[in-house]
Amino acid sequence: MKMAFPNPDDILNFTLTIEPDEGMYKGGSFVFTFAVNQNFPHDPPKVKCTQKIYHPNIDLEGNVCLNILREDWKPVLNLNAVVVGMQFLFLEPNASDPLNKDAAEDLRQNRDVFKRNVRNSMGGGNVRSVSFDKVLR
């Protein structure tokens, strides 16, 4: 993982690049924007994926479904907890709490088809008539 601060004077807005070294998303490079508001740690950061990817917990607009970014956020949590949660989404996609219902359905019904769709989409291919961004390193 790599963090970058596009504007060094603004440490509340940064990017996180996740490059999984195991699992179905191995070989990909996924970039997320983080926006931490002035009410942090009482409010969770806003996290968005900058690429269109095929993932049950990330919709086509880049919104991320991670419980600690929503109802399970507590002020005792920190950015490290969010980063670890994001890593986990790539190791164990969660079909029971989806934002991308098509990807979740594929994962639930046939894991092999889901894996094939992940590979195809990461290469910039189409899945279910949707074209995805190439994210392979």
Side-chain angles (χ1 to χ4, degrees):
M1 289 192 302
K2 291 180 264 192
M3 291 177 99
F5 295 86
N7 177 355
D9 296 329
D10 181 6
I11 61 168
L12 298 179
N13 291 286
F14 58 92
T15 62
L16 174 73
T17 302
I18 298 175
E19 296 181 340
D21 56 8
E22 58 184 295
M24 293 180 250
Y25 292 90
K26 180 179 179 176
S29 182
F30 306 94
V31 180
F32 294 86
T33 58
F34 276 65
V36 181
N37 77 27
Q38 299 295 335
N39 210 22
F40 183 84
H42 299 287
D43 293 339
K46 303 280 184 232
V47 179
K48 225 167 163 73
C49 186
T50 65
Q51 302 127 314
K52 188 186 290 189
I53 65 172
Y54 175 80
H55 193 292
N57 309 111
I58 301 170
D59 70 16
L60 299 178
E61 285 78 48
N63 298 304
V64 178
C65 182
L66 184 63
N67 62 332
I68 63 170
L69 290 175
R70 299 183 333 232
E71 71 276 358
D72 291 343
W73 178 258
K74 293 172 182 51
V76 297
L77 294 172
N78 58 25
L79 291 175
N80 191 51
V82 176
V83 169
V84 169
M86 300 289 294
Q87 276 183 301
F88 191 72
L89 283 182
F90 286 102
L91 290 175
E92 286 297 325
N94 181 0
S96 58
D97 189 19
L99 277 182
N100 181 332
K101 293 183 185 342
D102 289 339
E105 183 181 317
D106 292 342
L107 177 57
R108 271 194 302 271
Q109 290 183 353
N110 189 329
R111 199 167 177 88
D112 289 334
V113 167
F114 178 79
K115 281 183 188 176
R116 210 168 25 253
N117 288 346
V118 167
R119 278 281 141 213
N120 181 33
S121 67
M122 285 175 48
N126 293 326
V127 177
R128 291 181 174 234
S129 302
V130 176
S131 58
F132 290 89
D133 293 336
K134 183 176 184 204
V135 295
L136 288 174
R137 292 182 252 139

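All residue numbers in this chain count up from 1 along the given sequence.
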Query raised in the report: Hey, is the main chain of N126 close enough, under 3.5 Å, to the side chain of N120 for a donor-acceptor pair?
Result: yes
Report task. State, to 0.1 Å, how close P75 and H42 come at their nearest heavy-atom pair, and which atoms those are. Result -> CG-ND1, 3.8 Å
Report task. Considering non-hydrogen atoms only, spot the tightest contact between P6 and P8 and give its length. Result -> O-CD, 3.6 Å
Query raised in the report: Can you hop from F132 to L136 via hydrophobic side chains spaced under 4.5 Å?
Result: yes
Query raised in the report: When rounded to the nearest 0.5 angstrom, what is the spacing between CZ in F5 and CG in D10?
Result: 9.5 Å
**Report entry** Listed partners of I53 passing side chain to side chain contact (heavy atoms under 4.5 Å, CB included), at least two apart
**Finding:** F30, C49, Q51, H55, I58, F90, V135
Query raised in the report: If you take all heavy atoms of R111 and E92, which pair is closest and at what distance?
Result: NH2-OE1, 4.5 Å
Query raised in the report: Within the distance-only criterion (no hydrogens, no angle test), does the side chain of D106 pair as donor or acceptor with the backbone N or O of Q109 below 3.5 angstrom?
Result: no
Requested in this report: State whether the side chain of R137 and the backbone N or O of G28 hold a donor-acceptor pair below 3.5 Å, judged by distance alone.
Outcome: yes
Requested in this report: Compare all side-chain heavy atoms of L91 with those of P20 and state whether any distance is below 4.5 angstrom.
Outcome: no
Query raised in the report: Just checking, is any N or O donor in the side chain of K48 or N63 under 3.5 Å from an acceptor N or O on the other one?
Result: yes
Requested in this report: Taking the side chain as every heavy atom from C-beta outward, state whether V47 and M86 have any atom pair closer than 4.5 Å.
Outcome: yes
Query raised in the report: Are any of the side-chain heavy atoms of V127 and V130 separated by less than 4.5 Å?
Result: no
Query raised in the report: Between N39 and D43, is there a donor-acceptor pair closer than 3.5 Å when you use the side chain of the first and the backbone of the second?
Result: no
Query raised in the report: Which of these passes side chain to side chain contact (heavy atoms under 4.5 Å, CB included) with Y25: M122, R119, K115?
Result: M122
**Report entry** Test item: R70 side-chain N/O and C65 main-chain N/O as donor-acceptor pair under 3.5 Å
**Finding:** no
Query raised in the report: Which residue, L16, V64, V36, I68, forms the side chain to side chain contact (heavy atoms under 4.5 Å, CB included) with V82?
Result: I68
Requested in this report: Find out whether Y54 and R128 are in side-chain contact, i.e. whether some heavy atom of one side chain is under 4.5 Å from a heavy atom of the other.
Outcome: no
Query raised in the report: Are the charged groups of E19 and K26 less than 4.0 angstrom apart, N to O?
Result: no
Requested in this report: Using modelled atom types only, decide if a donor and an acceptor are shared between the side chain of W73 and the backbone of P45 within a distance under 3.5 Å.
Outcome: no
Requested in this report: Please report the C-alpha distance between L12 and Q38 in whole Å, then the side-chain angles of each, then the deciding distance to 0.1 Å, and finally whether the side-chain contact (heavy atoms from CB on, under 4.5 Å) criterion is met.
Outcome: CA-CA 9 Å; L12 298 179; Q38 299 295 335; 3.6 Å; yes
Report summary line: CE (M24) and CG (N117) are apart, to the nearest 0.5 Å, by 11.0 Å
Query raised in the report: Under 3.5 Å, side chain of T33 to main-chain N/O of T15, donor-acceptor pair present?
Result: no
Query raised in the report: Hey, quick one: are F88 and V31 part of the same hydrophobic cluster, counting side-chain heavy atoms closer than 4.5 Å, chains of contacts allowed?
Result: no
Query raised in the report: Taking atom types as modelled and ignoring hydrogens, do the side chains of N94 and N57 form a donor-acceptor contact shorter than 3.5 angstrom?
Result: no
Query raised in the report: Going from CG on N100 to CG on L60, what distance comes out if it is rounded to the nearest 0.5 angstrom?
Result: 5.5 Å
Query - Rounded distance [0.5 Å steps], CG in D59 versus CG in L99 - result: 5.0 Å
Requested in this report: Return the set of residues passing side chain to side chain contact (heavy atoms under 4.5 Å, CB included) with R116 (not counting sequence neighbours), or none when no residue passes.
Outcome: V113
Query raised in the report: Which atoms form the tightest heavy-atom contact between A81 and N78, and what is the distance?
Result: N-OD1, 2.9 Å
Requested in this report: Using a strict 4.0 Å threshold on nitrogen-to-oxygen distance, state whether K52 and D133 make a salt bridge.
Outcome: no
Query raised in the report: Please walk me through it: do F32 and I18 pass side-chain contact (heavy atoms from CB on, under 4.5 Å)?
Result: CA-CA 8 Å; F32 294 86; I18 298 175; 4.0 Å; yes
